[in-house]
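Order of listing sets the numbers, starting from 1, for every ligand and every atom in it. For the single chain, residues carry numbers from 1 onward in sequence order. Note that these values count all heavy atoms, side chains included, but never hydrogens, waters or copies made by symmetry.
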Amino acid sequence: MISRSAVLTKINEIKILDLNLPFLKRGQVLVELKYASICHTQVQEINGSRGEDKFLPHCLGHEATGKVLKIGKDVRKVKKGDNVCLTWVFSEGINAGGSIYRYKDKKINAGPVNTFSKYALVSENKIQKLNKNSNLIKSVLLGCAAPTAFNCIFLNTNNTKQKKILILGCGGVGLLAVYASKKSKFKEIAIVEKYKNKISIAKKLGANKVIKEKDVQKFRDKFDYVLECTGNPKIVNECIYYAKSFGGKVFIIGNYKNNTMLKIDPWQLLYGKKISGSWEKKFNYDKNFKLFEKYLKNFKCKYLFGNKIYNLDEISIALEDFQKGKVIRPLIKI
Ligand SMILES: [Zn+2]
């Protein structure tokens with residue numbers, strides 16, 4: 001089967017190629033992709049900032065929706081004709097690993113999930129079933145940005161009505177965290193963000209305090225929860241200061257370059273502050289997918305995708321717009 005795909009051929013070079021897909025293995029699902037989006041993980045893979053890439057040349061992407069065309073042996077989660085969400089998030093099902101696609105006589109690696117392709121072979125444990133009438137554009141966010149933000153806010157915070165949260169960075173994950181914090185009825189939802197368009201969206205989603213980057217130092221020991229969503233090495237080292245002593249908690253959920261080191265003043269930990277990643281507890285997406293889908297129902301995805309929909313041939317333009325801050329999360333129609 002021939003599939004038009006965006007391939008990372010070498011660092012900073014993406015080519016659209018007609019790839020030849022192999023037959024389905026046990027535990028794999030053949031998906032016809034509908035929509036996909038780009039997050040900072042792909043940007044880092046493309047520009048090489050995740051360190052040495054042993055899989056080049058390879059396909060990309062981990063946040064998409066599509067339709068099942070065929071299932072491999074022993075697949076139980078989905079069947080032909082189902083609408084599905086493709087995700088990297090820890091899920092049940094067979095771990096079928098990746099595939100090798102071909103371009104002429106060259107091997108092209110494809111991970112267990114890959115999304116910038118007309119068709120893709122996806123491992124059963126990287127798939128969630130959607131309803132017949134699910135919105136295939138909005139549901140793209142259930143692949144990466146929404147579960148990352150929702151897991152943090154809905155499953156790892158408590159007594160929110162009495163608490164204050166600070167969200168550093170309002171990209172896709174940060175804005176979904178603002179939305180989730182509003183739904184959780186936090187007493188105060190503060191943000192730090194330099195771009196005006198993102199600030200204005202964050203306010204619409206429920207942020208009730210905007211702190212300028214230069215002023216954030218004044219807010220030491222003020223917040224019950226601090227979410228670091230910037231990926232900025234300077235901010236990640238400072239964010240623990242804004243959490244309250246004796247009970248304040250920091251979640252690190254940004255995307256960091258390879259070899260980024262976290263530098264912490266140990267006194268901050270001695271004062272009873274906690275620091276954690278976004279996936280603090282063992283997480284099973286199958287148990288939470290329907291819940292997260294429900295939480296996402298009232299979210300206006302245009303806040304993240306904007307008005308432009310890119311096609312697959314425009315993926316390099318989408319990436320450029322994303323990095324320049326012209327779009328918060330580019331949506332690609334496959
Ligand atoms: Zn992602």
Side-chain angles (χ1 to χ4, degrees), residues 6 8 14 31 33-51 53 55 58-66 84-91 98 110-117 120 122-123 125-128 136-153 167-180 198 227-232 236 251-258 260 277-280 283 285 288-289 292-293 296 299 301 303-306 310 312 315 318-319 321-323 325 327-332 334:
L8 182 64
I14 288 190
V31 178
L33 275 295
K34 300 290 182 194
Y35 293 95
S37 87
I38 301 175
C39 82
H40 283 285
T41 302
Q42 287 88 56
V43 172
Q44 292 187 332
E45 286 178 66
I46 293 162
N47 66 25
S49 59
R50 288 179 93 83
D53 191 337
F55 297 102
H58 63 79
C59 294
L60 294 157
H62 60 209
E63 182 175 76
T65 56
V84 288
C85 169
L86 308 192
T87 177
W88 65 266
V89 178
F90 327 105
S91 304
V113 55
N114 54 98
T115 62
F116 304 130
S117 276
V122 183
S123 177
N125 67 340
K126 300 292 174 193
I127 280 194
Q128 292 291 338
L136 292 185
I137 291 181
K138 186 186 287 192
S139 303
V140 165
L141 294 170
L142 289 162
C144 171
T148 305
F150 289 2
N151 168 60
C152 246
I153 304 293
I167 295 163
L168 299 157
C170 292
V173 173
L175 287 171
L176 280 158
V178 171
Y179 168 77
K198 293 182 184 173
L227 259 68
E228 200 312 294
C229 313
T230 66
N232 178 322
V236 74
F251 290 102
I252 305 281
I253 58 180
N255 241 313
Y256 305 92
K257 279 185 186 169
N258 188 38
T260 300
S278 49
W279 304 94
E280 190 184 33
F283 183 81
Y285 204 8
N288 293 292
F289 189 80
F292 286 3
E293 198 178 15
L296 193 67
F299 182 76
C301 56
Y303 284 146
L304 299 196
F305 295 141
Y310 302 85
L312 189 59
I315 190 163
L319 277 158
D321 288 353
F322 184 37
Q323 285 171 282
V327 56
I328 295 172
R329 210 158 180 101
L331 178 68
I332 296 173
I334 306 288

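Note on the Zn ion (ligand 1): protein N/O/S atoms under 2.8 Å are C39 SG, H62 NE2, C144 SG.
When all heavy atoms of N232 and Y256 are compared, the closest pair comes out as N-CE2, 4.3 Å. Nearest heavy atoms, I153 versus A177: CG1-O, 4.0 Å. Across all their heavy atoms, E63 and L141 have their closest contact at OE2-O, 3.8 Å.
Ring pair W88/F90 is perpendicular by interplanar angle, where above 60° counts as perpendicular and below 30° as parallel.
Put simply, CG on L8 and SG on C59 are 9.5 Å apart, with the number rounded to the nearest 0.5 Å.
In this structure, the side chains of Y285 and P147 come closer than 4.5 Å at one or more pairs of heavy atoms.
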